[in-house]
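Here is the naming used below: chain letters follow the sequence lines, and residue numbers restart at 1 for every chain.
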2 protein chains.
Amino acid sequence: MPQETFFNLPNDKRNLIITAAMEEFSKSNYNSASINQICKKSKIAKGSFYQYFTDKLELYVYIMTLAIEEKIKFFSSAIAEFHTLTLFEQFRLLFLKGMEFAKMHPQYAALGEQFSKENDGTAKAAVIKEGDKQAEALFIQLIEKAKRRGEIDDYVDSFALSLLLQSLNSAVIKYMLGQFGNDGYKNKEEELNHFVDSLLSIIFNGIQKKIK
Amino acid sequence: MPQETFFNLPNDKRNLIITAAMEEFSKSNYNSASINQICKKSKIAKGSFYQYFTDKLELYVYIMTLAIEEKIKFFSSAIAEFHTLTLFEQFRLLFLKGMEFAKMHPQYAALGEQFSKENDGTAKAAVIKEGDKQAEALFIQLIEKAKRRGEIDDYVDSFALSLLLQSLNSAVIKYMLGQFGNDGYKNKEEELNHFVDSLLSIIFNGIQKKIK
DNA sequence: TGACAATGTGACCACCTGGTCTTACAATAT
DNA sequence: ATATTGTAAGACCAGGTGGTCACATTGTCA
C-alpha cells in the first residue's frame with residue numbers, strides 16, 4: 001500500500017500519477033518499466049515519488065491491485081446471476097463480459113496482459129500473494145455443477161476443459177487488444193458475438209460430422 | 001547473421017557462446033537479457049563478442065533462428081505423413097510432437113515461450129520478418145481439407161477452430177514447461193497422452209450430453 | 001627472423017537504472 | 001516572530017547497460 005502522503009495528494013495529481021504508472025506498466029514488464037519515465041510523465045520529482053511509495057514494487061502491486069479490483073467489480077454482477085443460467089449461457093456471458101471489459105477498459109486489460117507475461121517472480125508473487133487460480137477454480141466449479149445437472153457428458157475431463165477455456169479466453173482478449181486501440185472497434189459488436197458463438201458451438205457440439 | 005570470425009571459432013567455443021546466449025534469452029526478454037552476462041558465462045571478452053556479432057539484435061535473431069530451424073526440422077517428418085491421416089490423427093500428432101519437442105529440447109521450447117511474450121517490437125519484427133503466421137496457416141489448411149473430405153461439419157468456423165487449437169497448443173506447452181525442468185518428467189508419458197486425448201475428445205465430440 | 005594480418009582483451013564511454021539525501025519551501029502552532 | 005512539521009525538489013550515488021577502441025597476443029607467410 002502507498003504511504004499516506006500519496007492519499008493526501010489532490011485528486012488530480014494522484015490520478016495523474018496512477019495514469020502514468022498504468023501506461024508504463026502496460027507498455028513494459030516490471031523490470032523494463034521505468035520510475036524515471038513515470039515521474040517525467042506525471043511531472044513529479046523523483047524525491048516526491050519516493051515519499052508516496054517506498055519502492056517500485058509497492059507501486060506495481062498497487063497499480064495491479066487497482067486493475068484486479070476493477071475487473072472483479074465488472075464481473076461480479078454477471079457472476080451473481082450464474083445460477084439461473086445453463087453452462088452454455090454461463091460461458092457465453094463470461095466471454096462476452098471479458099470482451100466488453102477489454103473494450104471499456106483497454107488500459108486495465110493491457111495491464112492484465114502484461115502481467116500474464118511477467119518474468120519477474122518477485123513482482124508476480126507480490127501481486128498474487130494468496131488468491132490466485134481464481135479463474136481456474138471458477139471454471140471447474142461451473143463445469144462440475146453442469147455435470148451434476150446432467151448438462152454435459154460425464155466423460156469430459158474437467159481440468160482439460162478448464163484449461164481450454166482459460167487459454168481460449170486469454171487468446172480472445174489478446175486478439176481483441178490487437179484489433180482495438182488502432183482503428184475504431186465500434187459496429188464490430190455483431191461480428192464479435194458471432195465469433196464467440198462459433199467458439200462455443202465447437203466446444204459444445206464438437207466438430208465431427210454427425211451421422212444422420 | 002553473425003560475422004565470419006564467429007564461424008571461424010573452434011566448435012567448442014562457438015557452442016559455448018550459443019549455449020550461454022540461449023540460457024540468457026530464455027530467462028529474460030530482449031531488453032533484460034544482458035550481453036555482459038553472456039560474455040561472462042561463455043568466458044569471452046566484451047570486445048571479442050562484438051567481433052562476432054555487430055550488435056545485440058544480431059545475436060538475438062541468430063539464436064531465435066536456430067530454435068525455429070530446429071523446431072521445423074523436428075516437425076517436418078510428421079507433417080510429411082499428414083496426407084495419410086484423418087484430421088483427428090493430424091491434430092493428435094501435432095500435439096504429441098509439440099510435447100515431445102518441449103521434452104527433448106526444453107531450451108528451445110523456453111526460447112519460444114519467451115519470444116511469444118516479447119514486448120520489444122523491433123526485436124520481434126527482426127525475427128519474424130516475413131514468414132509468420134505459419135502455425136495459423138497450417139491449422140486452417142488442415143481444417144479446410146478435412147471439411148472437403150467431409151470429415152468435419154461445414155458449419156464449423158475454421159478461423160475460430162484454428163485460434164482454439166493454437167491457444168490450446170501454447171497452453172499445453174506452457175503447462176509442460178512449468179511441470180518439467182524442476183523434477184523429472186519421465187514416466188509421465190501416459191498421463192500426457194491421456195491429457196491430449198481428453199482435449200481432442202472435447203473438440204471432436206463436444207461436451208454436450210448426447211440424447212440417446 | 002621479421003612483417004603483416006587477424007583476433008583477443010578489458011578499460012572506458014555515455015547513458016540509464018532504482019534509490020538516497022540534503023536543501024528549500026510552505027503551512028501551521030506557539 | 002519563531003519553531004515545528006510535512007512535503008517538494010533534484011543533485012547525487014553505486015551499479016548496470018550496449019557499445020567502442022587502443023593495445024596486446026597470436027598465427028602465418030617469406
Check whether any side-chain nitrogen or oxygen of [X] sits under 4.0 Å from OP1 or OP2 of [N], and answer yes or no.
| X | N | value |
| --- | --- | --- |
| Y50(A) | dT7(D) | no |
| K46(A) | dT17(C) | no |
| N8(B) | dT7(C) | yes |

Check the distance between [N]'s [atom2] and [X]'s [atom1] and give it to me in whole angstrom.
| X | N | atom1 | atom2 | answer |
| --- | --- | --- | --- | --- |
| D120(A) | dT17(C) | CG | P | 17 Å |
| E58(A) | dG19(C) | CD | P | 11 Å |
| Q51(B) | dG10(C) | CD | P | 14 Å |
| F53(A) | dT7(D) | CZ | P | 14 Å |
| D55(B) | dT20(D) | CG | P | 8 Å |
| Q3(B) | dT20(D) | CD | P | 12 Å |
| K40(A) | dC15(C) | NZ | P | 13 Å |
| L9(B) | dT9(C) | CG | P | 10 Å |

(request) Output the residues of residues 27-38 of chain B in contact with DNA chain D, where contact means a heavy atom of the residue under 4.0 Å from an atom of the strand; sort by number or write none. (result) A33(B), S34(B), I35(B), N36(B)

(request) Please list all pairs passing the salt bridge (Lys or Arg N to Asp or Glu O under 4.0 Å) test where one or both residues lie in residues 78-98 of chain A, with sequence neighbours left out. (result) R92(A)-D197(A)

Any base atoms under 4.0 Å from [X], or only sugar-phosphate, or nothing? Heavy atoms, all strands.
| X | result |
| --- | --- |
| K43(B) | nothing |
| L57(A) | nothing |
| Y52(A) | sugar-phosphate |

(message) Taking I140(A)'s backbone N and O only, do any of them form a donor-acceptor pair with S162(A)'s side chain (distance below 3.5 Å, no angle check)?
(response) no

Using ring centroids (six-membered ring only for Trp), state whether [Y] and [X] fall under 6.0 Å.
| X | Y | answer |
| --- | --- | --- |
| Y108(A) | F74(A) | no |
| F49(A) | F53(A) | yes |
| F115(B) | F25(B) | no |

(request) Would you mind telling me which of dT7(C), dA8(D), dG19(D) lies closest to the side-chain atoms of S48(A)? (result) dA8(D)

(request) Select one nucleotide: of dG18(C), dA8(D), dG19(D), the one nearest the side-chain heavy atoms of K56(A). (result) dG18(C)

(request) Kindly confirm or rule out a cation-pi arrangement of K56(A) over Y30(A), judged by NZ or CZ under 6.0 Å from the six-membered ring centre and within 45° of its axis? (result) yes

(request) First locate atom CD of Q90(A), then atom OG1 of T84(A), and finally report the distance between them rounded to the nearest 0.5 Å. (result) 8.0 Å

